[in-house]
Visitor: 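The structure is given below, and queries will be raised subsequently.
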Amino acid sequence: MKEKNDELKNIFSELYNKPKNLDHNIMQKIYALETEKKALTVEKKKTNYTWFYVILAVFFVVSVIVGLAYSDVKNNGFIWGVFFSILIPLMIDFLLRRKKQID
Amino acid sequence: MSKEQSIIEAVKNGDVSQYEVLVKKHSTKMFALAMSILHNQEDAEEVTQDVFLKAYQALDSFRGASKFSSFLYRICYNESMNLLRKRKIEFDVSSDQIANTVINDDFFEYKKLEQKEILDLAMQKLNPEYSSLLMFVYYEELSYNEIVEITNLSLSNVKVKIHRAKSILANVLNDLLKNDLNDLL
C-alpha cells in the first residue's frame, strides 16, 4: 500500500510541469508593478509652488503700499509699468497652475 | 529568523530582486495546484502570475505566523476557485458518487508516461475541490492542519473529503482502465 502511495506521489509530482518562462513572466510583472508605483510616488512629490506665490503676493502688497506712500505715481510711470509687466504674467501662471492641480 | 523569512524581510525593505528566489522556490507548486483545479495551462499560468502579484502586494500583511507557502497556497486556491466560478465549469463525476475503492493494480503496471496521461484524465473528471485536496495530499504532502488553513474547511470536513477524494479517484481510474487504453490516450 505504501509503495503504491509513493508511486502515486511520484506520478503526481511529474503530472503538471510549469512552463519554462513562467518565473520570468512573473518577475516582469513584479518589476512593471514596482515601476508603476515609483512613477506614482514621483508624481505625488512634484514641487508645489503655492508658497512661492503666496510670498510673492505678500511682497507685492507691501511693495504697492510702500510705493504709494513714498513715490509719485505720475512721475514714475515707467517703473510701475515694468513692475506690473512682470507681476501680471506671474499671476496668470499661478492661476493656470492652480487650475491644473484642481483638475 | 529562517532564510525564507529574511528574504521576505529584504523584499519588504525594497530589494525586489530577492522576490525571484521566492518565485523560483514556489512557482512549480502553485502552478501544479492551479492546474489540478483548472486543467488548462493558460488559465493556470495566469492564476500563478496573479498569485505572486497579489502575494507581493500583500507582503506587508504577512507576519510570518504561518508558512509563506501556505500564504501562497491560500491565494492560489481562492483565485483558481474564483476563476472556475466565473467560467461556471461543470464536472463529469458527482461528489456524491462514493464507493470505498482502491486503485486497481493494473494502473501501476503501465509505463510512466501512460500513467501520467491516465491520471491527468481522471483528475479532469473530478470536482476541483477533490482534485485540489488530492494534490495537497499526494504532491504537496501537506498536513491536515495546513489544508484546513488553506481551504478554510473544518478539520473533520477535510478528513472526510480527502477520504472521499481518494475513493472517487480510484473509482474514476478503475473505470478508465476498464476501457481500451488506446481509446483513452
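No experiment lies behind these values; they were computed from the predicted model shown. Keep in mind that the numbers below use all heavy atoms, side chains included, and drop hydrogens, waters and symmetry copies. So you know, we letter chains A, B, ... as the sequences are listed, proteins then strands, and number each from 1.
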Visitor: Heavy atoms only: give me the nearest B/V23-A/M27 pair and the separation to one decimal.
Guide: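 Shortest heavy-atom contact: CG2-SD, 3.9 Å.
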Visitor: Would you check, one step at a time, whether the test ring pair (Phe, Tyr, Trp, His ring centres under 6.0 Å) holds for A/F12 with B/Y138?
Guide: CA-CA 7 Å; A/F12 262 105; B/Y138 285 118; 5.3 Å; yes
Visitor: Using every non-hydrogen atom in the two residues, find where A/L33 and B/Y56 come nearest and quote the distance to one decimal.
Guide: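 That would be CD2-CD2, 3.6 Å.
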Visitor: A/F59 and A/L87: same hydrophobic cluster, using ILVMFWY side-chain contacts below 4.5 Å?
Guide: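 Each belongs to a different hydrophobic cluster.
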Visitor: Quick one: do B/V137 and B/V160 end up in the same hydrophobic cluster if we chain Ile, Leu, Val, Met, Phe, Trp and Tyr together by side-chain heavy atoms under 4.5 Å apart?
Guide: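 Each belongs to a different hydrophobic cluster.
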Visitor: Any side-chain heavy atom of A/I26 sitting closer than 4.5 Å to one from B/E20?
Guide: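 No; the side chains remain at least 4.5 Å from each other.
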Visitor: Tell me, side chain or backbone of B/Q41 under 4.5 Å from chain A's heavy atoms, or both, or neither?
Guide: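 The answer is the side chain of B/Q41.
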Visitor: Measure distances from B/Y19 to the heavy atoms of chain A and classify the residue's part below 4.5 Å as side chain, backbone, both or neither.
Guide: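 Its backbone and side chain both get close to chain A.
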Visitor: Could you state the interatomic distance from CG (A/L22) to CD (B/E46), rounded to the nearest 0.5 Å?
Guide: 12.0 Å
Visitor: Quick check: do A/Y16 and B/D120 have side-chain heavy atoms less than 4.5 Å from each other?
Guide: yes
Visitor: Might you point out which heavy atoms bring A/K18 and B/K24 nearest each other, and give the distance in Å?
Guide: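 What the structure gives for the nearest pair is NZ-O, 4.2 Å.
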Visitor: Drop me the distance from B/S27's OG to A/D23's CG, to the nearest 0.5 angstrom.
Guide: 3.5 Å
Visitor: Which value, rounded to the nearest 0.5 Å, describes the distance between A/I30 atom CD1 and B/Q49 atom CD?
Guide: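 CD of B/Q49 is found 10.0 Å from CD1 of A/I30.
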Visitor: Heavy-atom count check: over 12 atoms from other residues, nucleotides or ligands less than 6.0 Å from B/K12 NZ?
Guide: yes
Visitor: Can you find a heavy atom in the side chain of B/E117 that is under 4.5 Å from one in the side chain of A/L15?
Guide: no
